[in-house]
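Reviewing the structure listed below.
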There are 2 protein chains.
Amino acid sequence: MYVATDCIIFGFDEGKLKLLVFNRQVEPLKGEWSLIGSFVRLDEDLDVACERVLRETTGLENVFMQQLKCYGKKDRDPGYRCISVAHYALIRIDEYDKELVRQHGASWYEINEVPQLILDHNQMVLDALKQLKYNARYRPIGFELLPEKFTIPQLQCLYEAIYQRELDSRNFRKKVTSLRVLEKLDEKDKSGSKRGAFLYRFDHENYQKLVESGYDFEIA
Amino acid sequence: MYVATDCIIFGFDEGKLKLLVFNRQVEPLKGEWSLIGSFVRLDEDLDVACERVLRETTGLENVFMQQLKCYGKKDRDPGYRCISVAHYALIRIDEYDKELVRQHGASWYEINEVPQLILDHNQMVLDALKQLKYNARYRPIGFELLPEKFTIPQLQCLYEAIYQRELDSRNFRKKVTSLRVLEKLDEKDKSGSKRGAFLYRFDHENYQKLVESGYDFEIA
DNA sequence: ACAAAAGTGTTGGACTTACACCCATGG
DNA sequence: CCATGGGTGTAAGTCCAACACTTTTGT
């Protein structure tokens, strides 16, 4: 049986949660929209395979990535029996290799304007989004989608995009700062307003300590 | 590549959460403890394969079963390259086919006394238990492990076994009855005490309605 | 009559939500 | 000077956790 992996790649840009979809360049179904994927090689760990796929298409390494689900309907791929283990990845939209992405015929789509994809890939996207919403409540994975330095309004905007609802800025700020995993910098980002908003950095060290102590990261 | 499925089968008996483990009857590793599994047939849906495994070993159908994770380390099975999609199942310990289980050389082990299992099966059990704890908070899956009629003290005992901590009986009773998915019967179960405790039945219909309306089932 | 489990309410504290105004700056 | 987004505190309500005694009945 063939074993493949497909990647649901999320990014965050212009205040919107987006999905990277690919123009399929091989037959069958050449020219259709698709997630990016690959067969898992015989001598390759499953998770290594999807890291490889991500690296080959975006140039990124050490990306947040998580196994979503294994799709195994017998007729999911009309060509041959193939199961696919879907993973979703959160990438920083300012870091990926734009040339590489262009070569693969990929484009970003807003999460609720994703076009028709091949096979069961639309279902994978729906499942991944559900998972992302779910996980975002208990681990601060939202940070994975932002540049290294970000402002609190940006972070809030991201969570609003994930949850697809508005959050109260006072309550949001209170909560994220109370988590004590944000390091406030002396710089401001003035791209969003005249006044400028302070930049923060994610304090990985403190985060790690808190995780180990069993801390609960529910946000919003 | 070979594709297998393995089943983590949970049951609840004598106030303890238990796992059904099998004595492996084929080489290699014959005689070792193992989860039960099977290769996925070429013309068989993945989820159908694990339903088949469960039916073949316990005689049960229509069991609560959920995909856990796909295990795909390249050397997880020293014999040949094989990925395994683990599923966990919750069964009622009074319903399974004891003769069938005996034929497969299976025994129940308390969840924190599980012996050494082959390959990565111990890891699968740990992951399944974590998932069970997690899911038990948001869907009333605990009911799957009890007989059709059960008492509230039994239900509490089950949740205590899953969470591995004690719960307050007043708060627990308050919460589960407030969910409005329990139907109180006129019978009592006197096996647990002189006084006897009222039996309840899970109201699947009302549960379905509540799920559809987006209700949140957090318990304990 | 007593042991053993079933059943029942209340209160204090923690957390969540809702809500409105001033601040800093660039144009 | 004004338009724009950034930043701040408080009060009400809801939810959760802690807690102890009475009931029933078989032995």
Side-chain angles (χ1 to χ4, degrees), chain A residues 12-16 133 136-138 140 146-147 149-161 163-180 182-201 210 214-220, chain B residues 14-16 133 136-138 140 146-147 149-161 163-180 182-201 210 214-220:
Chain A
F12 179 65
D13 192 32
E14 298 169 344
K16 311 278 186 181
K133 278 187 199 179
R137 294 190 58 165
Y138 299 102
L146 291 172
K149 300 174 182 179
F150 54 87
T151 68
I152 291 189
Q154 276 168 8
L155 185 62
Q156 177 176 348
C157 181
L158 167 59
Y159 273 89
E160 289 179 338
Y163 295 143
Q164 314 217 73
R165 69 184 171 92
E166 295 194 348
L167 302 172
D168 180 275
S169 68
R170 280 162 294 192
N171 295 337
F172 183 81
R173 186 177 290 268
K174 216 181 306 170
K175 215 169 214 165
V176 293
T177 53
S178 75
L179 294 178
R180 307 191 149 275
L182 293 186
E183 182 189 351
K184 187 173 185 174
L185 305 176
D186 269 339
E187 306 166 66
K188 283 195 166 187
D189 168 59
K190 300 219 168 188
S191 65
S193 69
K194 328 273 169 136
R195 179 177 174 180
F198 278 104
L199 285 162
Y200 288 77
R201 187 158 45 196
L210 284 171
Y215 195 86
D216 181 356
F217 281 98
E218 185 166 344
I219 294 176
Chain B
E14 298 169 345
K16 311 278 187 182
K133 279 187 199 179
R137 293 190 59 166
Y138 298 104
L146 292 173
K149 299 174 182 180
F150 53 87
T151 68
I152 290 187
Q154 277 169 6
L155 185 62
Q156 176 175 349
C157 181
L158 167 60
Y159 273 89
E160 289 178 337
Y163 296 143
Q164 314 217 70
R165 70 186 170 88
E166 294 193 350
L167 302 173
D168 180 274
S169 67
R170 280 162 292 191
N171 294 338
F172 183 82
R173 186 177 289 268
K174 216 181 307 170
K175 219 170 215 165
V176 295
T177 52
S178 76
L179 294 178
R180 308 188 149 277
L182 293 186
E183 182 189 351
K184 189 172 183 175
L185 305 175
D186 268 339
E187 305 165 66
K188 283 194 166 189
D189 170 61
K190 298 219 169 188
S191 65
S193 70
K194 329 270 167 136
R195 179 176 174 181
F198 277 104
L199 285 162
Y200 289 76
R201 187 157 46 192
L210 283 170
Y215 195 86
D216 182 356
F217 281 98
E218 185 165 343
I219 295 175

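Just so it is clear: chains get the letters A, B, ... in the order the sequence lines come, proteins before strands, and each one is counted from 1.
Residues from residues 190-201 of chain A lying near DNA chain C, meaning a heavy-atom separation below 4.0 Å, are A:Lys190, A:Lys194, A:Arg195 in numerical order.
The CD-C1' distance, from A:Gln154 to D:dG5, rounds to 13 Å in whole Å. Remark: P of D:dC19 and CD of B:Glu166 are 13 Å apart, rounded to the nearest angstrom. Nucleotide D:dG6 holds its C1' atom 11 Å from the CD atom of A:Gln156, rounded to whole Å. Atom-to-atom, CG of B:Leu155 to P of C:dA5 comes out at 18 Å; the value is rounded to the nearest Å. Atom OH in B:Tyr163 sits about 11 Å away from atom P in D:dA17, given to the nearest Å. Rounded to whole Å, the distance from CZ on A:Phe172 to P on C:dA18 is 16 Å. Residue B:Ile152 contributes atom CD1, which lies 12 Å from atom C1' of C:dT8 at whole-angstrom precision. Separating the CD atom of B:Glu218 from the P atom of C:dT16 is a distance of 12 Å, rounded to the nearest angstrom.
Residues B:Lys149 and B:Glu187 share a closest heavy-atom pair of NZ-OE2, 2.8 Å. Between A:Ala161 and A:Gly15, the shortest heavy-atom distance links the atoms CB-O, 4.1 Å.
Mapped onto DNA chain C by nearest heavy atom, A:Lys188 and A:Arg170 fall at different nucleotides, with A:Arg170 at the one closer to the 5' end.
At a cut-off of 3.5 angstrom, the base of D:dT10 holds at least one donor-acceptor pair with the side chain of A:Lys174.
Listed for the A:Glu183 side chain is no donor-acceptor partner under 3.5 Å among the backbone atoms of A:Arg201.
Between the CZ atom in B:Arg173 and the CD atom in B:Gln156 there is a gap of 8.0 Å [rounded to 0.5 Å]. Here the CZ atom belonging to A:Phe198 is positioned 12.0 Å from the OG1 atom belonging to A:Thr151, to the nearest 0.5 angstrom.
More than 12 heavy atoms of other residues, nucleotides or ligands lie within 6.0 Å of CD in A:Gln164, so this atom counts as buried by the packing criterion.
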Would you check, one step at a time, whether the test side chain to side chain contact (heavy atoms under 4.5 Å, CB included) holds for A:Leu182 with A:Phe150?
CA-CA 10 Å; A:Leu182 293 186; A:Phe150 54 87; 3.8 Å; yes

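Checking D:dG6, D:dC19, C:dT17 against every side-chain atom of A:Lys175, the shortest atom distance belongs to C:dT17.
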